[in-house]
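A short write-up of the structure that comes next.
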Amino acid sequence: REESLKSAPSVKKCSELCSKEQVWEQLTPCERAAMGHVDSVAQANQVAALPALGARVKTVGFEANDLDACLAYIRDDAPILVHFNARTLNHPCKDPWCRSQFETGTSIGTFGHTIR
C-alpha cells in the first residue's frame, strides 16, 4: 500500500480522458495487484448480490434488462461527484489526485469502518 501511495503522483496526467488501458499501463506492479484484488472482490460481491437485486427490481415493475442497463450506466457513464468545503477546496491545487479520507487522514464524517 505504501509503495502504491508513493508512486501514484508519478502517473502521467492525460491532457484528454484516458482509457482504462492507458491508465493500467502506467500503474506499478503493486498498484496492478491492488486493482486486481479490488476487481475480484467487487465481481464476487456483484454475483452474490444480483439475485436479490434482480428480484427487487421485478417487484417494482422493471425487468432484468432494465437492471442491466442501469448497472452499465453506473459502471460506464455516471458522473462522479466530489464534495468540497472551505477547508478542503484548495486540496486539488496542492495534489491533483483524488484521495480517500483514509489516505489523507482527514474526514468531515467518520473513519469508522463499522458505521460505514
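From Q26, atom CD reaches atom OG1 of T28 across 11.5 Å, with rounding to the nearest 0.5 Å. Going from atom CD of Q46 over to atom CG of L71 covers 6.0 Å, rounded to the nearest 0.5 Å.
V47 and L53 are assigned to two separate hydrophobic clusters, defined by single-linkage of ILVMFWY side chains at heavy-atom distances under 4.5 Å. Cluster membership check: V60 shares its hydrophobic cluster with L50, using side-chain heavy-atom separations under 4.5 Å among Ile, Leu, Val, Met, Phe, Trp and Tyr.
Nearest heavy-atom pair across E25 and R32 is O-NH2, 3.1 Å.
Annotation: R56, atom CZ; neighbour count of heavy atoms from other residues, nucleotides and ligands within 6.0 Å does not exceed 12.
A donor-acceptor pair is defined here as one N or O able to donate and one able to accept, closer than 3.5 Å; no such pair exists between the side chain of D76 and the backbone of Y73.
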